[in-house]
Amino acid sequence: MQAIRAQGSLAGAALALDVVPSVVTKRLGALESRLGQRMFERTTRRLSLTTEGEALCLRADSLLDGFAALETELSERQNALSGSLRLVATFGFGRRWVGPAVAEFQARHPGLQIDLHLTEQLPELGAEGYDGAVWLWSVQSRHASDWVTRRIARNQRVLAAAPGYLARCGSPADLQALVGHECLVTRENANALQRPVDLWTLKHSRDGSTARVRVNGALASNSGEMVRDWCLQGRGIMLRSLWDIAPQLASGELVRVLPQYAMPDADIHWIAPWRPKTPRRVRLLIDFLVEAFRAEPWKVPAASKATRRNR
């Protein structure tokens with residue numbers, strides 16, 4: 001069908017397919033007989049597609065393109081990955097989770113060279129030659145339309161404190177009660193263009209409502225690890241990602257405060273500069289990260305939660 005349409009005649013199609021004209025005539029006749037439809041209007045000078053023939057050709061074009069893409073994909077799978085990947089991630093999550101995952105991916109594909117840069121400020125990805133970033137929040141900037149994003153895994157930023165602090169100062173009954181507590185402020189990624197770091201926006205897990213509370217405290221740091229250490233020492237209440245404090249929550253060293261609340265927009269995302277065709281090595285890395293974090297390994301086991309409630 002495609003050869004006849006392209007050449008405009010049975011003889012031209014036979015020449016293009018390197019067969020005798022009678023073979024083309026027989027194949028076309030068999031197709032029309034099987035479908036019960038005429039595919040071409042025949043005159044002494046030319047052939048033209050009928051409406052049914054045009055519809056069949058369009059569908060056939062789509063199927064042939066699909067087969068070609070599948071053939072390319074299968075061919076790619078047989079070829080070992082090679083080349084380089086340049087990635088960026090935040091310090092804490094990058095060191096704790098991205099680094100080990102990237103090392104495992106490279107071990108599976110030894111022909112790859114991977115450069116992982118850790119930073120707290122998202123760079124100009126395309127201009128600085130990065131293939132992508134593993135980042136802890138979605139992009140809210142003038143560059144967002146130039147980037148492609150995909151959520152890799154869910155994550156929550158939750159309120160937590162050491163049992164000793166809560167025994168000494170009590171547990172807040174609601175969000176507004178946080179104002180009367182020592183709150184540990186993290187100044188990571190803080191700049192004049194972002195919301196104040198001491199203004200905590202929290203979302204209710206059941207009704208989806210959000211509320212803001214401006215917290216106070218004597219201790220603040222640009223290091224999330226430092227704030228976590230202070231919290232473990234019983235110095236106050238902090239707002240911290242589950243990926244960072246899940247072990248301490250599971251062991252009871254830390255306790256969720258107002259567990260019905262969490263900070264929105266704390267999921268882990270893949271962010272990359274837009275390009276017409278994503279290289280195979282990048283596609284496979286993204287799929288690998290999604291699979292590696294699918295089970296959210298930083299989740300606190302349900303048994304641990306129940307144990308704490310029963311104390």
Side-chain angles (χ1 to χ4, degrees), residues 69 72-73 76 79-155 157 185-197 199 201 221-227 240-241 243-244 263-294:
T72 299
E73 180 181 342
E76 284 184 340
N79 300 325
L81 291 183
S82 61
S84 62
L85 285 169
R86 193 159 186 256
L87 311 173
V88 63
T90 52
F91 270 107
F93 189 79
R95 185 168 52 247
R96 174 68 179 84
W97 296 100
V98 181
V102 164
E104 182 180 346
F105 182 74
Q106 197 281 329
R108 295 186 183 188
H109 305 284
L112 283 177
Q113 292 183 327
I114 302 179
D115 179 0
L116 176 60
H117 182 69
L118 301 183
T119 180
E120 293 303 338
Q121 297 294 330
L122 186 63
E124 297 280 354
L125 297 175
E128 298 186 32
Y130 287 104
D131 290 293
V134 181
W135 217 245
L136 293 180
W137 48 85
S138 58
V139 179
Q140 302 291 337
S141 74
R142 61 186 178 87
H143 302 291
S145 61
D146 300 325
W147 290 341
V148 176
T149 64
R150 178 180 176 182
R151 186 173 65 191
I152 292 177
R154 294 185 181 276
N155 172 59
R157 291 179 187 168
V185 172
T186 306
R187 301 192 183 279
E188 291 174 323
N189 305 295
N191 60 48
L193 299 178
Q194 296 175 319
R195 60 185 174 222
V197 292
L199 182 62
T201 301
S221 175
N222 68 333
S223 168
E225 289 78 7
M226 179 64 70
V227 168
R240 196 72 184 153
S241 282
W243 64 259
D244 186 40
M263 188 175 183
D265 191 23
D267 293 337
I268 292 91
H269 294 81
W270 169 264
I271 306 171
W274 183 89
R275 58 180 74 182
K277 181 174 175 59
T278 303
R280 177 172 171 252
R281 59 185 179 275
V282 176
R283 298 199 312 269
L284 291 182
L285 172 64
I286 299 169
D287 291 342
F288 176 83
L289 292 175
V290 169
E291 186 61 32
F293 300 145
R294 183 184 302 278

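None of these values were measured; they are calculated from a predicted model. These numbers come from the heavy atoms of this one structure, side chains and all, not from hydrogens, waters or symmetry mates.
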(Q) Looking at Arg86 and Glu128, would you say the former's side chain and the latter's main chain have a donor-acceptor pair under 3.5 Å? (A) yes
Q.
Return the CH2 to CD1 distance between Trp97 and Ile152, rounded to the nearest 0.5 Å.
A. 13.5 Å
Q) Is it true that Arg275 and Asp131 have a side-chain N and a carboxylate O under 4.0 angstrom from each other? A) yes
Q: Decide yes or no for Thr119 and His117: does some side-chain heavy atom of the first lie under 4.5 Å from some side-chain heavy atom of the second?
A: yes
Q. Do Val134 and Leu87 come close enough that some side-chain heavy atom pair is under 4.5 Å?
A. no
Q. Given Leu136 and Ile268, is the side chain to side chain contact (heavy atoms under 4.5 Å, CB included) satisfied, shown in steps?
A. CA-CA 5 Å; Leu136 293 180; Ile268 292 91; 3.6 Å; yes
Q | Nearest-0.5 Å distance that lies between atom OH in Tyr130 and atom CD1 in Ile271 | A | 13.5 Å
Q. Shortest non-hydrogen contact from Arg157 to Ala266?
A. CG-CB, 3.7 Å
Q | Name of the residue among Val290, Val282, Thr149, Val148 meeting side-chain contact (heavy atoms from CB on, under 4.5 Å) with Trp270 | A | Val282
Q: Report yes if the side chains of Arg108 and Leu81 come closer than 4.5 Å at any heavy-atom pair, otherwise no.
A: no
Q. Can you find a heavy atom in the side chain of Leu85 that is under 4.5 Å from one in the side chain of Arg281?
A. yes
Q) Taking the inter-plane angle between the rings of Phe105 and Phe288 on a 0 to 90° scale, is it parallel (under 30°), tilted (30 to 60°) or perpendicular (over 60°)? A) tilted
Q. Out of curiosity, Glu225 CD to Arg240 CZ, how far, rounded to the nearest 0.5 Å?
A. 5.5 Å
Q. Between Leu285 and His109, is a side chain to side chain contact (heavy atoms under 4.5 Å, CB included) present by the stated rule, with each step listed?
A. CA-CA 10 Å; Leu285 172 64; His109 305 284; over 6 Å; no
Q: Identify the two heavy atoms, one from Ala89 and one from Gly94, that lie closest to each other, and give their separation to 0.1 Å.
A: CB-CA, 3.9 Å
Q | Which atom of Arg154 lies closest to which atom of Asp267, heavy atoms considered | A | CA-OD1, 3.3 Å
Q: Indicate yes or no: at least one non-hydrogen side-chain atom of Trp274 is less than 4.5 angstrom from one of Leu125.
A: no
Q | Shortest non-hydrogen contact between Ala133 and Leu122, atoms and distance | A | CB-CD1, 3.8 Å
Q: For the pair Ser241 (side chain) and Trp243 (backbone), establish whether a donor and an acceptor sit closer than 3.5 Å, ignoring hydrogens and angles.
A: no
Q | Atom of Phe293, atom of Ala101 and distance for their closest heavy-atom approach | A | CZ-CB, 4.2 Å
(Q) Looking at Asp244 and Arg95, is there a salt bridge between them, counting it only when a charged N and a carboxylate O are closer than 4.0 Å? (A) no
Q | Gap separating the OG atom of Ser82 from the CG atom of Leu112, nearest 0.5 angstrom | A | 7.0 Å
Q | Over all atoms of both residues, closest heavy-atom pair of Ser223 and Thr186 | A | C-CG2, 4.5 Å
